[in-house]
Amino acid sequence: MRTARFTLDPAFTVGEVDPRLFGSFVEHLGRCVYTGVFEPGHPTADADGIRGDVLALVRELGVTAVRYPGGNFVSGYRWEDSVGPVEDRPRRLDLAWRSTETNRFGLSEFISFLRKIGPQAEPMMALNLGTRGVAEALQLQEYANHPGGTALSDLRAVHGDKDPFGIRLWCLGNEMDGPWQTGHKTAEEYGRLAAETARAMRQMDPGVQLVACGSSGRSMPTFAAWEAAVLQETYDLVDHISLHAYYEPLDGDVDSFLASAVDMETFIEDVVATCDHVGARLKSPKKISLSFDEWNVWYMSRTEEQVSALDWPEAPRLLEDSYSVMDAVVLGSLLIALLRHADRVTVACLAQLVNVIAPIMTEPGGPAWRQTTFHPFAQASRYGRGEVLDVRVDSPTYGTQKYGEADLLHATAVRAEDGTVTVFAVNRSRTEPLPLEVALNGLGPASVVEHSVLADADPDARNTLAEPDRVTPHAAEGTALEGGRLTAVLEPLSWNVIRLA
Ligand code: AHR
């Protein structure tokens with residue numbers, strides 16, 4: 001196999017990583033909340049019903065911004081159902097997931113969960129712009145953020161939350177371009193509503209950060225035209241535009257699946273181009289940043305029928321995908337794609353956090369465990385902080401049906417404040433090890449601290465209730481740094497974290 005190469009040089013950088021790139025997502029969907037995050041009576045649950053075993057794993061995962069409460073769920077969400085005395089909260093039909101929502105866990109419980117995670121966890125609150133509008137958005141903002149002395153902020157205090165929630169980041173609806181969305185709109189209808197909501201929210205607090213809905217996928221027929229029309233209305237009023245993408249191997253096309261990040265990078269670049277085009281038309285010096293607030297591997301084609309068969313159960317088992325080593329390698333590559341665009345992608349949320357297409361799984365009354373995908377995310381969140389270096393690979397390629405020739409090596413590198421450098425790299429070859437050579441120009445590191453690999457002789461290996469630690473990262477042999485030249489061999493189908501100090 002030909003050697004893959006790239007050069008790292010501190011003079012060539014992409015940008016600073018916003019910590020919110022390692023965000024996550026808690027939706028009222030399936031068992032993400034109930035028996036996931038929240039399970040009163042569980043042996044590890046605290047007085048508020050938060051599972052201690054899950055909380056420990058969430059901290060280890062290193063999540064930052066957490067989007068809530070949906071997703072498709074939010075387009076029928078009535079925020080006032082989810083606050084106040086639990087015994088008074090109504091049961092409601094959740095049209096998005098054909099489930100019954102008890103509202104036992106609500107806004108206050110979510111904020112309290114985030115506070116337990118730690119100061120790095122920041123709420124990213126989605127607003128219902130499907131069945132609701134400006135007035136309800138303002139009511140929620142006042143309830144959540146106003147310090148006191150008004151009806152809604154005082155009501156929050158009566159409900160036990162004297163301190164405001166301090167929600168800075170707000171999503172103006174969810175996937176409003178999708179015909180499946182309750183209250184689906186045209187770009188013009190949505191653009192106007194988003195602009196009116198944004199303007200009103202800024203009247204209450206000019207410091208809010210607002211995310212306008214972009215397309216729910218790059219394959220949507222209205223993609224790019226939607227973004228352009230929405231931004232035409234909202235450019236001066238919002239900070240971010242959203243992107244969503246899920247990947248799975250369709251029709252057994254594993255080679256294209258392994259190159260999913262090619263699509264993700266193109267998607268990001270297309271949205272950047274569209275934002276900048278609108279900015280140019282408006283003669284605006286402002287740059288819109290990207291919020292990739294739903295991304296993951298999701299075996300969506302297997303789950304579509306499940307939802308239509310539901311008869312309004314509470315917290316059913318839904319979208320509980322089990323992830324293989326191959327899925328983890330693809331997820332690692334998607335993380336690399338996000339880091340490679342850290343100059344414009346400032347928020348990203350792995351969808352979702354627990355049980356629902358999630359890195360953490362639980363059994364009701366039983367244990368919690370890490371899926372294979374937990375590991376690349378946790379490592380990237382831990383070591384991917386600092387400045388992204390511009391990595392241009394010279395790599396052998398392989399053929400894919402969807403993307404033509406794709407590089408076998410997908411890589412990025414991040415330089416931390418203390419000068420340490422971490423290389424994140426994926427070898428997409430299913431059969432061949434990939435020799436790697438990296439030239440370090442004018443960078444401090446002189447030794448390899450660690451080369452950690454996630455790979456397995458069985459690419460279908462996974463972590464399960466019975467065998468929760470079947471797949472974990474292991475140390476690679478033979479990685480060396482001499483005279484400013486890093487050499488390593490990347491195992492077939494592997495996610496690699498090489499730390500240099
Ligand atoms: O994350 C699962 C669902 O995927 C979300 O509810 C929705 O926004 C997207 O289509």
Side-chain angles (χ1 to χ4, degrees), residues 23-34 36-37 63 65-77 92-99 101 110 124-131 170-185 190 194 211-223 226 230 240-248 260 264 267 290-308 310 315-321 323 327 331 334 347-361 371 373 377:
S24 184
F25 179 24
V26 169
E27 177 166 6
H28 282 256
L29 192 183
R31 297 192 308 116
C32 185
V33 170
Y34 303 107
V37 165
V63 300
V66 185
R67 189 162 173 254
Y68 178 82
N72 295 339
F73 171 81
V74 82
S75 294
Y77 177 60
R92 298 273 183 206
L93 293 180
D94 164 14
L95 302 186
W97 304 108
R98 292 189 60 82
S99 303
E101 174 54 51
F110 171 66
M124 180 181 192
M125 191 74 198
L127 294 163
N128 176 357
L129 293 191
T131 59
W170 299 84
C171 302
L172 299 169
N174 176 69
E175 296 190 347
M176 299 308 303
D177 64 321
W180 59 86
Q181 199 68 216
T182 312
H184 158 64
K185 297 185 175 22
Y190 170 71
V211 185
C213 284
S215 298
S216 48
R218 183 167 168 254
S219 60
M220 292 299 286
T222 50
F223 171 59
W226 171 278
V230 168
H240 310 268
I241 186 121
S242 73
L243 296 83
H244 291 179
Y246 294 102
Y247 298 97
E248 67 180 312
S260 295
M264 190 189 233
F267 188 10
L290 275 50
S291 171
F292 217 124
D293 47 46
E294 287 188 33
W295 68 272
N296 205 346
V297 172
W298 175 9
Y299 287 74
M300 199 188 293
S301 53
R302 288 187 203 157
T303 54
E304 269 162 8
E305 279 171 23
Q306 277 182 20
V307 179
S308 48
L310 290 175
R317 286 185 189 261
L318 259 189
L319 283 58
E320 299 202 4
D321 284 4
Y323 291 119
D327 297 327
L331 183 135
L334 298 175
V347 181
C349 304
L350 176 67
Q352 299 190 359
L353 186 59
V354 188
N355 289 327
V356 173
I357 47 173
I360 298 169
M361 295 300 289
Q371 294 236 47
T373 51
F377 189 97

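Positions are given from 1, in the same order as the sequence printed here. All ligand and atom numbering here is 1-based and tracks the order in the structure.
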TODO: Could you tell me whether some N/O pair between N174 and ligand 1 is separated by less than 3.5 angstrom?
DONE: yes
Open item on the list: Within ligand 1, which atoms have a heavy atom of E175 less than 4.0 Å away?
Closed with: 7 (C), 8 (O), 9 (C), 10 (O)
Open item on the list: Can you tell me which portion of V356 lies within the under-4.0 Å heavy-atom range of ligand 1? Options are side chain, backbone, both, or neither.
Closed with: neither
TODO: Not counting sequence neighbours, which residues clear side chain to side chain donor-acceptor pair (under 3.5 Å) with Y247? List them please.
DONE: D263
Open item on the list: Heavy-atom distances under 4.0 Å decide this one: backbone, side chain, both or neither, for W97 against ligand 1?
Closed with: side chain
TODO: Search all heavy atoms of H244 against all heavy atoms of F267 and return the closest pair with its distance.
DONE: O-CE2, 3.2 Å
Task: E294: partners by salt bridge (charged side-chain N to carboxylate O under 4.0 Å, His left out), with sequence neighbours left out - done: R67
Task: Over all atoms of both residues, closest heavy-atom pair of G183 and M176 - done: O-CE, 3.2 Å
TODO: Mind checking whether F73 contacts ligand 1 via backbone (N, CA, C, O), side chain (CB onward), both or neither, at a 4.0 Å heavy-atom cut-off?
DONE: neither
- [ ] Indicate, with yes or no, if the rings of Y68 and H28 have centres closer together than 6.0 Å.
- [x] yes
TODO: Report yes if Y246 has an N/O atom closer than 3.5 Å to an N/O atom of ligand 1; otherwise report no.
DONE: yes
Task: H28, E294, M300, E27: member with heavy atom nearest to atom 8 (O) of ligand 1 - done: E294
